[in-house]
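Notes follow once the structure below has been shown.
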Amino acid sequence: MTKSTKKLLILALLIVGIVVIVYLGLNHMANSHLSGCGMNDGPFTAVLIDQNKISENSRSFKLNNNAVLILDNRNDSLSPTLTLKENGIIKWTLDTDTRNTKGYESEQIWEISNLSITKTADPIKLEFTAHWTYGAEAGWMEINRENGKNSFCLSW
């Protein structure tokens, strides 16, 4: 093999190697960032439930149009709930249990603190701290006010 052939072969292998590394990196970034949470945990979906009663640990947050969002950090082993009450009538209740999400069946949120509502109309947007299996992590959530459809992420 001549010297110029060796140089061309090394250059070709170098270019192929760079292309493979860039492709794998872009593929990983696209898969993790297109999930809706980037490289954070989630997206999770809180599940609609029938709320029997709201505990004494609940906190209410005013929304627009005569509505309140009620955060209930229940004392039992269940995850916190979020309830939308409009004109005194419960519209929906969401259970924030992360165990409903594939890949997170053994992780659980037991408390939500530092809740702030960043948008009170539709969709409702929240920021909070979730206390869960991996410690206390920042979270954000978006909820369709009409039907309770939602998505949330956690990040440390």
Side-chain angles (χ1 to χ4, degrees), residues 17-156:
I18 290 171
V19 168
V20 168
I21 290 170
V22 168
Y23 171 77
L24 292 174
L26 289 175
N27 189 39
H28 173 73
M29 284 177 34
N31 287 336
S32 62
H33 290 296
L34 293 177
S35 71
C37 292
M39 296 176 65
N40 302 311
D41 291 305
F44 301 105
T45 302
V47 178
L48 287 167
I49 62 167
D50 290 326
Q51 179 76 323
N52 292 335
K53 66 176 189 166
I54 296 172
S55 77
E56 67 278 354
N57 293 326
S58 67
R59 291 187 53 213
S60 295
F61 300 86
K62 289 188 181 221
L63 302 176
N64 63 352
N65 298 331
N66 201 24
V68 293
L69 185 70
I70 303 167
L71 168 65
D72 191 0
N73 286 309
R74 303 178 283 182
N75 281 333
D76 50 25
S77 62
L78 301 174
S79 297
T81 60
L82 294 166
T83 300
L84 178 67
K85 200 173 193 179
E86 287 184 341
N87 298 314
I89 300 169
I90 293 178
K91 193 163 186 175
W92 44 253
T93 298
L94 300 172
D95 184 348
T96 62
D97 196 344
T98 57
R99 295 177 293 182
N100 297 312
T101 302
K102 185 178 180 184
Y104 293 93
E105 294 86 353
S106 61
E107 286 81 18
Q108 182 180 8
I109 295 175
W110 57 83
E111 180 185 0
I112 290 177
S113 63
N114 304 320
L115 179 72
S116 66
I117 299 175
T118 59
K119 185 176 176 194
T120 62
D122 193 22
I124 302 167
K125 293 186 179 184
L126 314 174
E127 292 180 0
F128 54 88
T129 302
H131 304 268
W132 75 316
T133 307
Y134 300 111
E137 295 190 21
W140 59 97
M141 182 177 211
E142 185 170 304
I143 310 169
N144 181 305
R145 190 165 169 160
E146 288 303 310
N147 57 25
K149 287 187 179 181
N150 65 85
S151 178
F152 68 99
C153 303
L154 302 176
S155 173
W156 45 273

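Basis for what follows: all heavy atoms, side chains included, without hydrogens, waters or symmetry-related copies.
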Mind checking the [atom1]-[atom2] spacing from [X] to [Y]? Nearest 0.5 Å is all I need.
X: Lys125; Y: Asn150; atom1: NZ; atom2: CG; value: 14.0 Å
X: Asn66; Y: Asn87; atom1: CG; atom2: CG; value: 4.5 Å
X: Glu146; Y: Lys91; atom1: CD; atom2: NZ; value: 3.5 Å

Taken in chain and number order and not counting sequence neighbours, the residues that satisfy ring-ring contact (aromatic ring centres under 6.0 Å, His included) with Phe61 are none
Any residue meeting ring-ring contact (aromatic ring centres under 6.0 Å, His included) with Phe128, in chain and number order, not counting sequence neighbours: none
Just so I know, are the side chains of [X] and [Y] near enough to count as touching, which here means a heavy-atom distance under 4.5 Å?
X: Ser58; Y: Leu71; result: no
X: Met141; Y: Leu82; result: yes
X: Ile143; Y: Pro123; result: no
X: Phe44; Y: Cys37; result: no

For [X], what residues pass the side chain to side chain contact (heavy atoms under 4.5 Å, CB included) criterion, not counting sequence neighbours?
X: Asn147; result: Asn144, Lys149
X: Glu137; result: Asp41, Trp132, Tyr134, Leu154, Trp156
X: Leu48; result: Trp92, Leu94

If I compare all heavy atoms of [X] with all of [Y], which pair ends up nearest, and what's the gap?
X: Lys85; Y: Ile70; answer: CD-CD1, 4.1 Å
X: Asp72; Y: Lys53; answer: OD2-O, 4.1 Å
X: Asp97; Y: Gln108; answer: OD1-CG, 4.1 Å
X: Asn65; Y: Arg145; answer: CB-NH2, 3.9 Å
X: Cys153; Y: Pro43; answer: SG-CA, 4.4 Å
X: Ala67; Y: Glu86; answer: CB-CG, 3.5 Å

Run the side chain to side chain contact (heavy atoms under 4.5 Å, CB included) check on Thr98 and Phe152 step by step: do they pass? CA-CA 10 Å; Thr98 57; Phe152 68 99; 4.2 Å; yes
Verdict with reasoning, Leu69 to Ile117, per side chain to side chain contact (heavy atoms under 4.5 Å, CB included): CA-CA 9 Å; Leu69 185 70; Ile117 299 175; 4.3 Å; yes
The test is side chain to side chain contact (heavy atoms under 4.5 Å, CB included); show your working for Leu63 and Leu84 and say whether it passes. CA-CA 9 Å; Leu63 302 176; Leu84 178 67; 3.4 Å; yes
When the side chains of residues 109-116 are checked against the rest of the protein, which donor-acceptor pairs come out under 3.5 Å, sequence neighbours left out?
from: Ser113; atom 1: OG; to: His131; atom 2: NE2; distance (Å): 2.7
from: Asn114; atom 1: ND2; to: Thr129; atom 2: OG1; distance (Å): 3.1

Regarding Asp95 and Thr81, is there a side-chain donor-to-acceptor distance under 3.5 Å anywhere? no
